[in-house]
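Read the structure below first, then the notes.
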Amino acid sequence: MQQRAPVLLDKCLRPIHLWSIAVGLVISGEYFGWSYGWNAAGTVGFLLSTTFVAIMYTTFVFSFTELTTAIPNAGGPFAYATKAMGPWAGFIAGYAALIEFLFAPPAIALALGSYAHFIFPQITVIQASVSVFFVFSAINLLGVKHTARFELIVTLIAVAELVVFIGIVGPHFKLNNFLVDPYPAGVSGVFAAIPYAIWFFLAIEGVAMSAEEVRNPEKDIPKGYISGIITLVILAFAVMLASGGVGDWRSLSQMDYPVPEAMAMALGHDHPLVKALAGIGIFGLVASLNGIIYSCSRQVFALARSGFLPKSLSQINRRFKSPHWAIGTGWIVGVISLLSGKTNELITLSALGAVFMYVVSMISLFVLRHQQPNLTRPFRVPFYPWFPGVALSFSAVSLLAIIYYNPGTALIFFTLLIVGSIYYGFRMRSGAIDFRSFECVGE
């Protein structure tokens with residue numbers, strides 16, 4: 001009996017799609033989450049946190065682009081660490097990234113629910129959150145072409161809206177407002193606010209998970225990544241500064257919808273543009289929710305394909321060429337998580353997974369440069385070793401700061417990592433790890 005050919009992921013992504021994925025994955029960070037940083041550090045303290053993190057992410061993206069183009073694999077950091085240091089390191093990087101991408105979507109879904117409740121008070125936050133999570137998981141089931149087109153449209157709308165917001169609120173900026181109690185917790189506040197500064201840029205590395213679906217990864221991935229980080233850095237600082245100077249920033253510091261509330265301070269709550277902004281603002285959260293669901297499913301798919309997760313999760317739908325079981329698993333875990341209703345803790349847990357993975361990825365880059373100098377590198381990070389060195393050291397500082405100021409969340413993170421390690425050991429002993437899946441990585 002003739003065997004059916006294996007189903008492969010669809011290679012259809014271009015630079016504009018990669019830009020929209022890079023920006024779309026992150027842009028919800030400009031709409032909510034970051035304002036918790038003001039609660040921890042004040043406006044000036046959080047400005048310092050954001051500057052530190054912006055430098056970290058800029059150097060990281062340039063460094064990560066070298067890895068992504070040299071090793072274009074849907075596993076992203078899992079594949080890079082495996083190539084550099086073996087399956088155990090790959091497991092560590094992969095599971096850290098999995099924690100990041102599993103817990104970011106429920107945080108975004110909760111914010112979407114809060115925005116929907118702001119517009120339609122009769123709808124509860126949880127009702128709206130679960131509903132939108134289901135809808136965008138379903139969109140991802142239709143395949144990467146539909147996902148990428150949808151992502152491009154909603155990302156363009158979200159960016160345009162932030163530009164409009166900055167243009168309307170900016171003229172109302174008053175330095176005296178921004179400098180009210182600007183540094184209440186001192187240096188400790190700056191470090192405590194790091195997770196919320198990371199939220200401005202969290203998940204941009206998810207572009208790496210699309211590498212197997214890019215038409216020309218060697219040329220197109222650098223274009224998408226670098227244009228994406230430039231866009232996000234500009235928007236992050238502009239939104240934060242405009243919002244902080246329009247009124248009493250302290251009233252925004254524990255909200256899941258600071259952007260429409262900041263506009264309400266400038267124009268009044270009854271102004272039609274305020275409700276319109278809240279309505280259109282949903283597109284920013286939609287872009288990130290849709291994009292991170294996509295990246296999460298590819299991470300689950302890649303880990304399952306190599307045997308780190310059950311093989312059934314690596315199945316690809318023959319009609320839509322999407323990893324349907326991986327998408328469904330992400331939705332189940334996400335819904336259970338969002339029922340907690342703790343947006344700030346989900347943000348911190350996701351940020352922990354991210355910076356842990358950044359550290360492993362930068363170590364992988366240095367190891368590969370030393371051990372495999374002849375590895376084909378279509379893009380080489382500029383200012384080596386300084387850029388990856390800054391990214392590594394800043395990521396390590398961020399990791400330690402998050403652990404120190406969030407011991408409870410850190411305990412959850414490392415418990416998940418230990419449970420995953422036990423499962424990895426069981427899979428290794430049973431011979432379930434597919435070492436053949438590593439042979440083509442980066443070749």
Which heavy atom in G353 sits nearest to a heavy atom in F413, and how many Å separate them?
CA-CE1, 3.5 Å
Which pair of heavy atoms, one from M265 and one from S251, lies closest together, and at what distance?
CE-OG, 2.8 Å
Heavy-atom check, side chain of S243 versus side chain of P258, under 4.5 Å:
no
Please give me the minimum heavy-atom distance between A41 and F46, naming the atom from each residue.
CB-N, 3.7 Å
H17 side chain to R14 main-chain N or O, any donor-acceptor pair under 3.5 Å?
yes
Could you walk me through whether Y358 and E205 pass the side-chain hydrogen bond (donor to acceptor under 3.5 Å, both in side chains) check?
CA-CA 9 Å; Y358 300 162; E205 66 276 6; 2.9 Å; yes
With the side chain counted from C-beta on, respond yes when W19 and L156 share a heavy-atom pair under 4.5 Å apart, and no when they do not.
yes
Examine distances only and state if a side-chain atom of S129 and a backbone atom of A109 form a donor-acceptor pair shorter than 3.5 Å.
yes
A side-chain contact here means heavy atoms from C-beta on lying under 4.5 Å apart; do L202 and S350 qualify?
yes
Supply the atom-to-atom distance L349 CG to F103 CZ, rounded to the nearest 0.5 angstrom.
5.0 Å
Looking at residues at least two apart in the chain, or sitting in another chain, which of them share a side chain to side chain contact (heavy atoms under 4.5 Å, CB included) with V180?
W249, R250
For the residue pair Y424 / Y95, report whether a side-chain donor-acceptor contact shorter than 3.5 Å exists.
no
Smallest heavy-atom separation, L313 atom then A326 atom, equals O-CB, 3.6 Å
Could you verify whether a donor N or O on one side chain and an acceptor N or O on the other, from T50 and Y196, lie under 3.5 Å apart?
no
Give a yes or no answer on whether the side chain of S288 reaches the backbone of L25 with a donor-acceptor pair at less than 3.5 Å.
yes
Check step by step if side chain to side chain contact (heavy atoms under 4.5 Å, CB included) holds for S63 and M362.
CA-CA 8 Å; S63 305; M362 292 302 95; 3.6 Å; yes
Using every non-hydrogen atom in the two residues, find where I204 and Y225 come nearest and quote the distance to one decimal.
O-CE2, 3.2 Å
May I ask you to check whether N140 and N290 show a side-chain donor-acceptor distance below 3.5 Å?
yes
Can you classify the ring geometry of W34 versus W38 as parallel (below 30°), tilted (30 to 60°) or perpendicular (above 60°)?
perpendicular
What distance do M263 atom CE and I168 atom CD1 have between them, rounded to the nearest 0.5 Å?
4.0 Å
Using modelled atom types only, decide if a donor and an acceptor are shared between the side chain of Y31 and the backbone of A158 within a distance under 3.5 Å.
yes
Could you grab the distance from atom OG of S253 to atom CG of D248, nearest 0.5 Å is fine?
8.5 Å
Check the pair L309, F301 against side chain to side chain contact (heavy atoms under 4.5 Å, CB included), reporting the backbone distance first and the verdict last.
CA-CA 9 Å; L309 291 174; F301 160 80; over 6 Å; no
Verify the distance criterion only: is there a donor paired with an acceptor across the side chains of W386 and T59 at less than 3.5 Å?
no
Using 0.5 Å steps for rounding, measure from the CD1 atom of I157 to the CD1 atom of I153.
7.0 Å
If we only count heavy atoms from C-beta on, is the P385 to F366 side-chain gap below 4.5 Å?
yes
Has T43 got a side-chain atom pairing as donor or acceptor with F178's backbone, closer than 3.5 angstrom?
yes
With side chains defined as the heavy atoms from C-beta onward, is the minimum distance between M56 and S398 less than 4.5 Å?
yes
Within the supplied structure, the quantity of interest is the number of heavy atoms (other residues, nucleotides, ligands) at a distance under 6.0 Å from F414 CZ; does it exceed 12?
yes
Student check: side-chain heavy atoms of I221 and F379 closer than 4.5 Å:
no
Any sub-3.5 Å donor-acceptor pair from S306's side-chain atoms to L303's backbone N or O?
no
Taking every non-hydrogen atom, the tightest pair across L365 and L67
CA-CD2, 4.0 Å
One should read off an interatomic distance between I347 CD1 and L352 CG, to the nearest 0.5 angstrom, of 12.5 Å
Checking the side chain of S188 only, and the main-chain atoms of A185 only, is there a donor and an acceptor separated by less than 3.5 Å?
yes
Show the numbers, then the answer: is there a side chain to side chain contact (heavy atoms under 4.5 Å, CB included) between S28 and L289?
CA-CA 8 Å; S28 66; L289 181 60; over 6 Å; no
Are Y80 and F64, when compared by the centres of their aromatic rings, separated by less than 6.0 Å?
yes
Measure the shortest side-chain to side-chain distance between F91 and F78 over non-hydrogen atoms and say whether it is less than 4.5 angstrom.
no
About how many Å separate CG of L417 and CD1 of I92, when rounded to the nearest 0.5 Å?
4.5 Å
Using atom types as modelled and distance alone, determine if a side-chain donor or acceptor of Q127 lies under 3.5 Å from a backbone N or O of T124.
yes
Flag the pair E66 and R380 as a salt bridge only when some basic side-chain nitrogen lies within less than 4.0 angstrom of an acidic carboxylate oxygen.
no
Determine whether V214 and L18 satisfy the following criterion, side chain to side chain contact (heavy atoms under 4.5 Å, CB included), listing intermediate values before the conclusion.
CA-CA 8 Å; V214 179; L18 296 174; 3.8 Å; yes
Judged by atom type as modelled, is there a donor-acceptor pair below 3.5 Å linking the side chain of S227 to the main-chain atoms of G224?
yes
Between F150 and V286, is there a side-chain heavy-atom distance shorter than 4.5 Å?
yes
